[in-house]
Enquirer: 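I'd like to ask some things about the structure below.
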Amino acid sequence: MPLGPVGKYDRATDTGYPLLFHLLDAAAVALELWDRFLTDSQRQLVADGLGVNVSRARSLAAFFASLHDMGKLAVLFQSALPGAWSRLEEELLADAADPVWVSHERASMHLAVDLLAELGYDTGGNDSAGVRVAQVLGGHHGRFLQLDLAGAASPERTRALFGGAAWHGLRRRYVAQLAHLTGAEGVVPERMSVQAAVLVCGLGVVADRLTSRRGFWLAKAHAPSFGAREHFAWSLRRAPEAVDDSGLERIALDEAGFTTAHPGLPGPNALQASVMEDLPGLVARAGPGILVVTDATGAGKSVTALEAVRIMNEACGTSGLLWLLPTTATADALYDTVVQWVAAHKPERAPVTLVHHQSWLNAAYGDHALAPDGGSVIDDQVADRAHRTPAAAVPESGPAAPGGSESTTAAADGCGATVPDTWLRGWDQALLAPFTVATVDQALMAVLPVKFNALRMLALSGKTVVIDEAHALAPFGLHHLRRLLGWLGSFGCPVVVLSATMPARTADDLLRAYLTGAGHPARRLAAHTYAPHYPGWVFASARTAAPVRPALTARLRHARSQRRAARIDIRQVRYRPLDDGQSPDGVVRDVETGERLAAVGELIAPVARRGGCAAVACATVADAQDTYRYLLAMRPDLAGDLVLLHARFPGLVREEKMRAVRAALGPCGQRPGRLVVVSTSMLDVSLDVDVDLMVSDLASIARLLQRLGRLGRFEHLWRAEGRRRAAWLRELPRTLTVLEPVGACGTTALPQSWQALEPAYLLHATARLLRARSQEPFLVPDHVQEAVEQIHGAAPLPGQAGEELARLLAEYRAAERAEEHLAALHLLPPPRRVSSLADLHRQRLTAADAVTRLGAARTLILPCYRPPGSRRRTLDPEGRIELPEAPTTARQVRAVLQRTLPVPSAWVACPGLRHLPPQGWARHPMLSGIVLLPMDGPQQFGGHRLHLEEELGLVHRAK
């Protein structure tokens, strides 16, 4: 078999690697991935989608993976590589026409139509097996392409563009050899489902990436030449090593008892016990499905989910988990929980990845993850690196840090749970790890037409997916989530949804989206109601769609055991910023009785005098800074026991503050005698803490109930130790005091700075609800769902609501519809509406342009210093860490990123020359776009003035 055509070329060593060998390498690794990475459920889905048994599906998947670079066996590609043309056989050189530029992935797709038709594949339409296989080959660089059967993909055109009879004859020989060696010879599938095509494409992408690394093929290029059969045998022997190095292996955790898997808990609560008793039989009889769990904050939903993951994986042929959360802070906290849970099962090795745009802040991630990609492999005429662009338009998350080609694994706490290998930290590869914690945006990107969405689908479909804090998504994100659930339902992927404050209509919508994707028509689903009782759970199988709920006795027993009484008081205040233009900057003005700040000071004063732990939840960062300054001015003795925590501290400082608060107020913390935390919405879901008293600015009832869940959160763990509360607080009810800003008429008057936080209707309606029941005790969990439904549910406004509230509700509903319409603009179609695979990439959306939630775009700013008498710039005020002109090491990149903080892009839209980073930063994908903030005084950016203070964080003033 001629080996002249080159598939890989290394310009650093002037080395070429035969194309046939690369194709055989991809086939060998694909077979290894099929056996060790794909789960039983994924293998069966591919087999069913191809209409063959699992053994034949394995051979076909490897065969298709081997065909991915057939487009390189063309005049254009071979003539473009240095030194490659001279290696070709005379017969090919004589049959070469003038090349016309076509990317090699498109060439692979076009050439495959004719080659597959000769093997007997149907190529008669968009949904025919041959056309879909061809599109899978065209999709190996990230996008499925449209196929013009009568035009560019016709045999006449392909043989004219890519070489004549000699070239076509060699391609036929290559295809025959590949089919024979992979076991696909004579196996012709009659169909290929959309789901099977997506998974096979993802598998081929992974195999191609693993075999394209210089470390994999370069040494083999210098080895003595073998024939195709001998080389394939060699590749099969090396494939396990490639998969081992990548960390791509499905790991089944050994069985562990409840108290072993969840140390510190004496046993399951009533709700957890009902899931552990009922769910195994349900999934054994009806297969995978969706489980929705609703329960009060702090009641153990995470443990319930972990038990459900174990049960579903055992019964559904899936392995591992993907845990999705709304923010980076919640993902960071849950990452520790998952690592501990995995370690409790004592695996030899189990990579756990953390996937969001700030995962490099986590201590588990080493500096080598940030190293720039220094490869020297020429793989195509145009280096398309769009898939390595971070999702800057996504406020809370984006792709993970870039990975290299070397592999290292470090143990966490001396146990079997490990940080991920470098390869698994690639921009779009980290989700492939067996155990992954990520922001929900990472999964939602799978249903947007971005490059390599098939890779994300592959990562999602083999695991049990847990969607936590689902209530935190706005209508825009919820619409994306429903589409994602539809795709997961079509894959038969087990899903667990968790929420403490989810309206019944939202839960119902999510279940219906999943079941519709599983193939159930809306008319069949109309016979059921799917919302769970509160607290409780509901399970619906992808096969039967029938909802199943726990026994009433179990639900009531759990509610009684979790019941706790609290008070939600509402106090009307006048909102007035501390710096209102009448006092010089930095000077605390006199605060009058009745103002918001005076109320905060009055409510916190007993804690300041007598001890205890309190929290103040502020609407904005500016409000939090004002509150901190005022409390410190009124009570200087609080200086050591007052903490300000918000998102506009440099990364290192913010993470240090969050760790300190969790350590002090978490379930295992050494609870201090006195502590007051002033924070923002980070307190809602990002901090798993327990306080004795809380003051909050007005927020929606869902947010307030999340904050209420931080009162007495861990008392059941500490009751026996007698250290739960300060003595003076022990006889007082747990109280959340909500500060309602009012105008001169005594009605709710929202400050201008709050307009972008939450819809006005939610705040006005919440204030009305709290006033109506201010004297009544609030029972958790008994009263939670009722309160949520009154504000966030589909129920009409209560009587006597007034014209103003009705108007605000109409505006709120209209805004919801507008968000959903906007969300639908870029979404992939549901699986049942996909004809051509190109439907998954009708729009050319890049990761940088993809938006999974609405909000202002963010830019990273970096404080920098200039020592006295020096022209050099540094990252620290002491002048020890120099600001690198062109970062060459991962340590330098980390040093920069750890000191950045995000701000709305509009604030720094007009930077001056001194705000621009060094030119060398433009070459690094994580540093380009950073704006410098010189620390020699307040900096003006158009109408915005910014300066960073050690205690307050970033202070912003607008004209």
Side-chain angles (χ1 to χ4, degrees), residues 269 271 294-301 469 471-472 499-504 532-536 555-556 558-573 599-600 603-604 606-607 612-617 681 683-685 687-716 719 724-725 729-740 748 758 762-793 795 797-798:
N269 62 34
L271 193 65
T294 58
D295 202 357
T297 58
K301 292 189 297 298
E469 308 287 359
H471 57 267
S499 179
T501 53
M502 182 186 292
H533 301 297
Y534 191 96
R555 192 172 65 82
L556 294 179
H558 176 70
R560 284 195 300 269
S561 68
Q562 298 293 323
R563 184 171 292 129
R564 57 188 190 270
R567 286 180 53 189
I568 305 180
D569 292 341
I570 186 164
R571 178 180 294 197
Q572 294 188 333
V573 296
V600 172
L603 293 164
I604 295 299
V607 174
C613 298
V616 183
S681 59
L683 193 63
D684 299 358
V685 291
L687 293 175
D688 189 21
V689 297
D690 178 319
V691 296
D692 305 315
L693 180 147
M694 184 176 292
V695 181
S696 172
D697 281 330
L698 179 63
S700 66
I701 193 65
R703 285 194 173 184
L704 293 178
L705 291 175
Q706 289 288 334
R707 295 170 187 176
L708 184 68
R710 272 66 188 166
L711 288 172
R713 188 179 183 89
F714 306 126
E715 183 171 9
H716 62 289
R719 191 173 292 144
R724 164 67 186 92
R725 313 179 83 190
L729 284 164
R730 289 174 187 162
E731 303 304 321
L732 298 178
R734 303 179 188 89
T735 302
L736 166 63
T737 302
V738 179
L739 305 180
E740 177 195 7
T748 306
E758 290 188 277
L762 296 181
L763 301 185
H764 282 265
T766 297
R768 183 182 183 279
L769 173 66
L770 295 182
R771 286 196 300 269
R773 59 175 306 155
S774 61
Q775 303 303 315
E776 302 175 15
F778 194 95
L779 295 180
V780 178
D782 305 62
H783 295 158
V784 170
Q785 193 65 26
E786 175 191 358
V788 169
E789 295 299 337
Q790 288 191 46
I791 306 300
H792 299 273
L797 282 169

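For reference, positions follow the sequence shown, starting with 1.
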Enquirer: Does Asp295 reach the side chain of Leu271, with side-chain heavy atoms less than 4.5 Å apart?
Expert: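 A side-chain contact exists here, since the closest heavy-atom pair is under 4.5 Å.
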Enquirer: Are the side chains of Arg768 and Thr748 in touch, meaning some heavy atoms are under 4.5 Å apart?
Expert: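 Answer no - side chains too far apart.
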Enquirer: Rounded at 0.5 Å granularity, tell me how far CZ in Arg571 sits from CZ in Arg771.
Expert: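 So the gap between those two atoms works out to 15.5 Å.
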Enquirer: Considering all heavy atoms of both residues, which atom of Ala500 and which atom of Tyr534 are nearest to each other, and what is their separation?
Expert: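 Scanning both residues completely, I find the closest heavy atoms to be O-OH, 2.9 Å.
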Enquirer: Distance check, rounded to the nearest 0.5 Å: Met694 atom CE versus Ile604 atom CD1?
Expert: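 Interatomic distance, Met694 CE to Ile604 CD1, rounded to 0.5 Å: 10.0 Å.
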Enquirer: Should Thr735 and Leu603 count as side-chain neighbours, where that means a heavy-atom distance under 4.5 Å?
Expert: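 No. Closest side-chain heavy atoms not under 4.5 Å.
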Enquirer: Is any side-chain heavy atom of Thr297 closer than 4.5 Å to one of Leu708?
Expert: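 In short, these two side chains do not touch, never coming nearer than 4.5 Å.
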Enquirer: What pair of heavy atoms forms the shortest contact from Ala299 to Asn269, and how long is it?
Expert: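 Shortest heavy-atom separation between Ala299 and Asn269 comes out as O-ND2, 3.0 Å.
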Enquirer: Hey, could you give me the CD1/CZ distance between Ile568 and Arg707, rounded to the nearest 0.5 Å?
Expert: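 Atom-to-atom, Ile568:CD1 and Arg707:CZ are 12.0 Å apart.
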Enquirer: Taking all heavy atoms of Ala599 and all of Leu739, pick out the closest pair and write down the distance.
Expert: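 For Ala599 and Leu739, the tightest heavy-atom pair comes out as CB-CD2, 4.1 Å.
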Enquirer: Distance from Asp782 atom CG to Arg564 atom CZ, nearest 0.5 Å?
Expert: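 Taking CG in Asp782 and CZ in Arg564, the distance rounds to 11.0 Å.
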Enquirer: Taking side chain as C-beta onward, heavy atoms only, is Leu736 less than 4.5 Å from Asp569?
Expert: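 A side-chain contact is absent here, since even the closest heavy-atom pair is not under 4.5 Å.
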Enquirer: Is it the case that His471 and Gln706 place a side-chain donor and acceptor less than 3.5 Å from each other?
Expert: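 The criterion, which ignores hydrogens and geometry beyond distance, is satisfied for Gln706 and His471.
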Enquirer: Does the side chain of Pro535 reach to within under 4.5 Å of the side chain of Gln562, using non-hydrogen atoms?
Expert: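 When only atoms from C-beta onward are counted, Gln562 and Pro535 do not touch, as no gap falls below 4.5 Å.
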Enquirer: So, applying side chain to side chain contact (heavy atoms under 4.5 Å, CB included) with Ile791, which one of Thr501, Leu763, Ile701 is it?
Expert: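 Result: among Thr501, Leu763, Ile701, Ile701 is the only option passing the side chain to side chain contact (heavy atoms under 4.5 Å, CB included) with Ile791.
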Enquirer: Hey, does Leu732 have a side-chain heavy atom less than 4.5 Å from the side chain of Leu693?
Expert: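 Counting from C-beta outward, Leu693 and Leu732 never come under 4.5 Å.
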Enquirer: I'd like to check His783 versus Glu776 (side-chain heavy atoms, cut-off strictly below 4.5 Å). Are they in contact?
Expert: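 SC-SC contact between His783 and Glu776 ruled out.
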Enquirer: Report yes or no: does Asp692 contribute a side-chain atom to a donor-acceptor pair with the main-chain N or O of Ala614 at less than 3.5 Å?
Expert: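 Not at all, since once roles are kept as given, no pair shorter than 3.5 Å links the two residues.
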Enquirer: Roughly how far, to the nearest 0.5 Å, is CZ of Phe778 from CG of Leu704?
Expert: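 Here the rounded value is 9.5 Å.
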Enquirer: Show the nearest heavy-atom pair for residues Ser700 and Leu762, with the distance to one decimal.
Expert: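 That closest heavy-atom pairing would be CB-CB, 4.0 Å.
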Enquirer: Using every non-hydrogen atom in the two residues, find where Ser681 and Arg703 come nearest and quote the distance to one decimal.
Expert: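 That closest heavy-atom pairing would be CB-NH1, 3.9 Å.
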Enquirer: For Ala504 versus Gln785, what's the shortest heavy-atom pair and its separation?
Expert: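 Looking at all heavy atoms of both residues, the shortest contact is N-NE2, 3.7 Å.
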Enquirer: Which value, rounded to the nearest 0.5 Å, describes the distance between Lys301 atom NZ and Glu469 atom CD?
Expert: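 It comes to 6.5 Å.
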